Trainee: 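Here it is, the structure, as structure tokens.
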Amino acid sequence: MRNLVFLNRGVIRPESTLAPDLPLAASVFDIITNSMTVALGPGEFDGAIEVYQYERTGKANLLANFEVDPQDKLICFSHFADSCQLIFIFAQGDIVTASYDPNNIEDLDSVVVEIVGSIDDGILSAQWSPDEETLSMVTGAKNVILLSRQFEPIAERALASDDANKSKHVSVGWGKRETQFKGKGAKAAERAILESLKNSGLKEGEAIRDPTMPATVDEGTKSSFDTGKVSISWRGDCQFFAISMIEIINETENRLIRVFDREGNLDTVSEPVNGLEDHLSWKPQGSLIASTQRKNPNDKNDHTVKDILINPKFVDQKEELEDLDLVFFERNGLRHGEFSLRLPLNTKVKDISWNSSSEVLAIILDHSIQLWTMKNYHWYLKQEIFSIENYKIHSLTWHSEKPLTFMLVTEKIVEIIDLAYDIISGPTVSPTDVSMTGVIDGKTCNLTPLVIANVPPPMAFREITVKDNVNDFAISLKNDKFAIITANDIYFARFSLKKKNQPKIFATLTKDQLLPEFSDINLRQVCFTGNNTVGVLADILPHGDSKIIIIDLSDIKAPNVIMSLDPPEKVILMKAHSSYKSITFETIRSTIYNINPIDYSINAISQLGQLCYEYHIVCKSTEVGDELINEADSLVFGLASNGKLYANDRQISSAITSIKVTQSHLLLTTAQHQLRFVHLNNDFTTYKVTDDELNISQKTAVGNHNNNNEHTISFEDERIRAIERGSLLVSVSPSNFSVVLQAPRGNLETIYPRIMVLSDIRKNIKSKNYKAAFITCRTHRIDLDILHDYAPGLFFKNLEHFIDEIDNEEYLNLFIGTLRAEDVCENKYRETTALPSSLNDGIAHVDISNNAIGTTNHDSKINRICESLLSVLLTSKYQTKYLRAIITAYASQTPPNLNDALRLISGFSDNDEKEKSIEYLCFLQDVNLLYKTALGLYDIPLTLLIAQQSQKDPKEYLPFLQNLHEQEQLRKQVMIDDYLKNHDKALSSLHEIEKQQNTAEIKEEFDNYMILHGLFKQALKYYHYDNDRKNEILKHYADALYNDHEYHESGIIYEMLGYYKDAIQSNILAKDWQNCLSIINSNLDKFGKELEETCDTLVESLTEAHRYQEAAIIEFQYLNNIEAAIKLYCKDHRYDEAILMTSKNKKFELISEIIDPLIGEGFGTIVELVSDCKAQIGSQLKRLRELRQKKKEDPYGFFGISEAAGNGGAGEFDTPDDVSIVASETSTKESFFTRYTGKTAGTAKTGASRRTAKNRRREERKRARGKKGTIYEEEYLISSVGRLIDRLRETEPEAKRLMEGMIRLKKFEQAYQLQKSFEDVLLLLKDNVAEIYSMTEDDRTRINDQGELYLIDVIPTPVIKDFDGYAVLNY
């Protein structure tokens, strides 16, 4: 959809100074000094050569001059600015260099001119490779010579006519008899085929032939317009070059294209093509070689029968197959497509040339050039530019770094022409934003309103055809008028989208009528302002001064030239203001001007940072209805050719490929293949689009939470959308929320960006136009929660207005039924501009009454909305109309309020309405849940209605419901509640039955039901004042506690009820030795004989539980076993108690017999533990350092160890040096965190878990093990050190008691050794604990089963306190 716009034409008139009237020979660009070099001479009678360098300021420097033979001809000229060397190649065979001093250009004597080589047979053609490292030449003796930049020979090869036989063009033998299967009935089949061919549309008398073979085979005869020139063209990568020249084959002159590699080896030769001419140009960034073919009028059967069968028009047009085509060859020499140049057959083509980006193909004619581009496999003629003063064009040279800048060398002048891409589109202002888009194709303007008819190019909705090739055209504000300029005329056409008529040209003005006072002008650009004013940008030739012509088009049949304006500087680009209220233009100094539509005064708006080939102007304060533009408040966005984006004179971004503006947004596409929206209410004096913003399409706020990831907030930036690689903006329609993009291959894609849709929805919500907002949400699949979430206060204040606006029960059901618990405006549809706080004012004052509903207001968004709507819908005004919506509101609550919904339905008097409502409710909720809920209401008829809507077997539920129907109410309630497992309610009903009947059977049933379901506490509430019944229940309760191993509580209850034997047994099992012995001592008459046995049992159980101190008390006080008591005290490191007991009982010998050996055992145990801890700290600290160093040096390899180690392999994830470790958005290569989840980036984003519960448990076991070489090892090592610290803290009190005992027993050395060991290990921990527990945020990042990022809990760094030892040992 892009067109080429003519920006500027610079003219240089080189004149020789040393020799008179030297002809213009050649000109080249100098990209290093940003200048151009022109060679003059030799003249007809003067062999002088002069070379001038023209700077951008206009200054001309004479670089060199020398003499050659006047009859010689310069066929190749180059300027190597990096080595200050000029290269001349002459037809007579001389290769001349001229080296100059850049610091002393004016001294011509310092120029060194020398002949570096000479070819005796002369040179037919020569061409340097694009990298200027290799020179290819064809000599008069038909030899190919390759020279290096230092003119050293690389290769030489003779061109022979038998080269044509060396190319083995591939043929699979289609149509040949030997490739056909000959089976039974083959001849009959052939006859049937021939009969069908006779009826295929061929004319009478035409020979029947194989339909897959062409009617004639080309012999390669040359065109009558062939000049015999030898042409050379290099491929852009300098690896191959092609030569086109005439060879005599079978006594006829044929033109062949030979392809050579860089070493001079013949690669391929083209297939024979009749009428092939001498023009040759290899596509720099492709595999196609372009040339021209002039079809002979006698070659009328150039299509196969198969072609004619597919396209019957060829039969009627065989006499018209006279054409001038541009044909393409592949490197292998085979044809690869063609297109017609749409020129008369006798038109002379001088040359063809690709631009450096391979996007534009220039056809050089005698007095003009045609510029062609290709999209969707169709070739468009975009521009035809004529030379000044009708000079003959000699050559065209494209700039190697500026793809749309070229140089024309004519007879007397050099023209430098700048072009730019431009998309001709209509207004983007509502309501006329129908995305009217125009495409220039030769004499045709293709028009397509993309909103109405998205016709894929090269087709179009309407076409306007004029007499000459179109250079530019414009579209009016209402999309019904069109202004078209050609080289000589401007046409005015009109057609109506409403009437759907064909376009018609109503008037034409010649350029003489536009500016009659000037002899020659160049019409460059045209634009509309409003619907009736046209501006035409013209250049006054030959000087190039700009004029802007204003034309009144109120009467399209009689356009009126109002005036012509003189811009202050040369105009580069002219466009309509984005509001279509005025004409604006950009000058050569990057200044933007506005033309006042009232008095046509010219006022400067802004100065851009550099010359921009695309710009748009917006006014923040100008309203839609304003007639004039507020120039002081205008904001200009300009896009330069290097991708820099400017807001006035300030650069706000780079790497931008296209831009568009609407009334509220700036749209831009980036080199990162994203479509980005920028709000126009930003402060562009400080605003800047950062690289981070452009590269992030989804922002995720990651919290420090567990694996459930409940608090992770994820939201998509509405301003950023990924697009197809290389797509560009074509048009934007705010009122239709659409953006049209064109991919590089030419296909169109219409998208509806979320931000444009949401902007309209928010605008409608603010204006309380809920119906329009709802329809937009429904059309574009936006969650309907936004109707509430965007402005909750406004929603609750206007509930009745909301219902009245929607005014459709189905719509209201859809809104209620799709409500989400989360706030969609906080994550999914987060607004990127500030929400006015006034929209939420009053939400705290909204009274959501529950009296009419009878339910409790849960703290949930869904419940708040449903209950608020119910408070309105249950009124008499709405209840009948919105009955289904009321049911939906009940069913959508969390949890569903099915009780009230069923009560509502149960109250209907109309049985048909009741059945329909039940059917609808069963659609909303699980029918089994409804069945149980209805049973819980004890409404058997309603339950039967629901059961009939389910898949239940009537044989199952009918007997059950019949039985219930026959029961008394209380018994019915017991049966229903027991069936629904509402055991509390069933027990309550049994209690009511017991109160009424009070029989032993009912009491037994009550007790059994209570015991079966463990309802003791509820039963105790019923018999709180009936002591006998309460004690019975308590006995059952104690028995249940005993069976459930709740021995402590059961023992208390048994003791309270007087069941002492059971109480003693429970206390023994609970290890409650005080309670147990107190019961025995209180009842010695019953249990005195069991005292000793009970004490032995208690000691044994307490010892097993490591409760040595309590066991020692029983041994000493109740069993009088002092030795056993002392041993137990020592086991608990209670040496002070043990020593006290020996001294109190005068058993001093026990100190040496029992206490001393046990202190030695305790010392050995604790010292060994401390030594092991110290060794463990050292080894784990060393391993942590190794892991972190490896992760720092090779993070990808570090995270890849897991799977390789787990699979028993090594080196499975070796990363090459040239591979980025950053995961690509479109790549399925494992990222860092794939090692944790087993998901690629694609599957992680879907949120679909690929792991079962079993896999998750296995993953947890891996994490707990912390196997060496896995990703969990670091976390495991840190946790292991934490467990070691906890163990040391637990052991520290025991160590202190041990040291106290050793000091009292005069074991100073051992006590000092123990204290020193403890202090050393704690000091080691204190010095390294910060390093051990240092984990960065990246180290803690994980991906859960839903593909969301979360952080594992921070492992807190423990505080290591000094060992509180004994001062007496510190010496």
Side-chain angles (χ1 to χ4, degrees), residues 5-9 424 427 471-478 480-494 505-589 591-606 615 617 626-631 634:
V5 60
F6 192 148
L7 295 179
N8 187 29
R9 187 201 310 252
I424 300 173
N471 288 336
D472 194 14
F473 74 96
I475 304 168
S476 68
L477 175 63
K478 295 182 180 179
D480 61 346
K481 295 180 181 179
F482 307 92
I484 305 164
I485 60 171
T486 64
N488 300 307
D489 305 294
I490 178 169
Y491 299 84
F492 301 101
R494 183 173 64 189
I505 297 175
F506 284 88
T508 305
L509 293 177
T510 65
K511 61 182 181 181
D512 294 335
Q513 293 175 295
L514 296 176
L515 291 173
E517 63 270 26
F518 296 99
S519 60
D520 192 12
I521 63 173
N522 175 34
L523 302 180
R524 273 205 285 140
Q525 298 169 30
V526 63
C527 72
F528 263 94
T529 174
N531 209 56
N532 297 316
T533 305
V534 176
V536 179
L537 175 61
D539 290 339
I540 308 302
L541 301 179
H543 305 292
D545 296 333
S546 298
K547 288 277 188 179
I548 296 178
I549 306 159
I550 306 299
I551 303 173
D552 181 14
L553 209 61
S554 299
D555 183 1
I556 194 170
K557 295 181 181 180
N560 178 32
V561 178
I562 299 175
M563 64 186 306
S564 65
L565 302 176
D566 294 319
E569 299 171 331
K570 187 169 185 178
V571 178
I572 296 299
L573 190 60
M574 182 180 69
K575 300 186 70 173
H577 192 280
S578 61
S579 63
Y580 261 64
K581 294 175 182 176
S582 66
I583 296 173
T584 65
F585 60 88
E586 180 185 11
T587 65
I588 199 168
R589 298 185 184 276
T591 306
I592 305 296
Y593 290 88
N594 179 62
I595 300 176
N596 190 305
I598 304 299
D599 58 6
Y600 299 108
S601 60
I602 298 175
N603 304 304
I605 294 179
S606 177
Y615 72 87
I617 305 175
D626 294 346
E627 293 184 2
L628 296 179
I629 299 300
N630 185 353
E631 295 166 352
S634 294

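Quick caveat, the model's predicted, so the values are computed rather than measured. Along the sequence shown, the residues carry numbers beginning at 1.
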Trainee: Flag the pair Y580 / T529 as yes when at least one side-chain heavy-atom distance between them is below 4.5 Å, and no otherwise.
Mentor: no

Trainee: Going from CD1 on I521 to CD1 on I540, what distance comes out if it is rounded to the nearest 0.5 angstrom?
Mentor: 6.0 Å

Trainee: For T486 and L523: C-alpha separation, side-chain torsions, deciding distance, then whether side chain to side chain contact (heavy atoms under 4.5 Å, CB included) applies.
Mentor: CA-CA 7 Å; T486 64; L523 302 180; 6.0 Å; no

Trainee: Judged by modelled atom types alone, do T510 and D512 share a side-chain donor-acceptor pair under 3.5 Å?
Mentor: no

Trainee: Checking side chain to side chain contact (heavy atoms under 4.5 Å, CB included) for the pair F492/I484: CA distance, chi angles, key distance, verdict?
Mentor: CA-CA 6 Å; F492 301 101; I484 305 164; over 6 Å; no

Trainee: Of all the heavy-atom pairs spanning P427 and L477, show the shortest one and how long it is.
Mentor: CG-O, 3.1 Å

Trainee: If you look only at distance, which donor and acceptor atoms sit under 3.5 Å apart when one is on a side chain in residues 541-548 and the other is two or more places apart or in another chain?
Mentor:
from, atom 1, to, atom 2, distance (Å)
S546, OG, V571, N, 3.0
K547, NZ, D566, OD1, 2.3
K547, NZ, D566, OD2, 3.4

Trainee: Is it the case that the side chains of S601 and D599 hold a donor-acceptor pair, with the cut-off being a distance below 3.5 Å and no angle test?
Mentor: yes

Trainee: Is the backbone of I562 close enough, under 3.5 Å, to the side chain of N560 for a donor and an acceptor to pair up by distance?
Mentor: no

Trainee: Tell me if a side-chain donor or acceptor on E569 pairs with a main-chain N or O of T591 at a distance below 3.5 Å.
Mentor: no

Trainee: Who are the side-chain contact (heavy atoms from CB on, under 4.5 Å) partners of K481, not counting sequence neighbours?
Mentor: S476, R494, F528, N531, N532, L553, I556

Trainee: Applying side chain to side chain contact (heavy atoms under 4.5 Å, CB included) to V561 and I550, what does each step give before you reach the verdict?
Mentor: CA-CA 6 Å; V561 178; I550 306 299; over 6 Å; no

Trainee: Nearest 0.5 Å please: distance from the CE atom of M563 over to the CG atom of D552.
Mentor: 13.0 Å

Trainee: As an exercise, state the distance from CG of L515 to CG of D520, rounded to the nearest 0.5 Å.
Mentor: 11.0 Å

Trainee: Should I617 and I592 count as side-chain neighbours, where that means a heavy-atom distance under 4.5 Å?
Mentor: yes

Trainee: Closest approach of N522 and R9, non-hydrogen atoms and distance?
Mentor: ND2-NH2, 3.4 Å

Trainee: From L514 CG over to I551 CD1, what is the distance, rounded to the nearest 0.5 angstrom?
Mentor: 5.0 Å

Trainee: The test is side chain to side chain contact (heavy atoms under 4.5 Å, CB included); show your working for L509 and Y491 and say whether it passes.
Mentor: CA-CA 7 Å; L509 293 177; Y491 299 84; over 6 Å; no

Trainee: Where is the tightest heavy-atom contact between I475 and F473, given as atom of each residue plus distance?
Mentor: CG1-CE1, 4.3 Å

Trainee: Quiz question: by atom type and distance under 3.5 Å, do the side chains of N594 and S582 form a donor-acceptor pair?
Mentor: yes

Trainee: Just verifying a value: how many Å separate M574 CE and D472 CG, rounded to the nearest 0.5 Å?
Mentor: 8.0 Å

Trainee: Can you see which heavy atom on Y600 is nearest to which on L565, and at what distance?
Mentor: O-CD2, 3.8 Å

Trainee: Answer yes or no: is there a side-chain heavy-atom contact under 4.5 Å between T587 and I572?
Mentor: no

Trainee: Tell me, do L7 and Q525 make a side-chain contact under 4.5 Å, heavy atoms counted?
Mentor: yes

Trainee: If you take all heavy atoms of I583 and C527, which pair is closest and at what distance?
Mentor: CG2-SG, 3.7 Å

Trainee: State, to 0.1 Å, how close Q513 and T508 come at their nearest heavy-atom pair, and which atoms those are.
Mentor: OE1-O, 4.0 Å

Trainee: Got a second to check how far K575's NZ is from E586's CD, nearest 0.5 Å?
Mentor: 10.0 Å

Trainee: May I ask you to decide whether R524 forms a salt bridge with D539, counting only side-chain N to carboxylate O separations under 4.0 Å?
Mentor: yes

Trainee: Do F585 and Y593 make the cut of ring centroids closer than 6.0 angstrom?
Mentor: yes

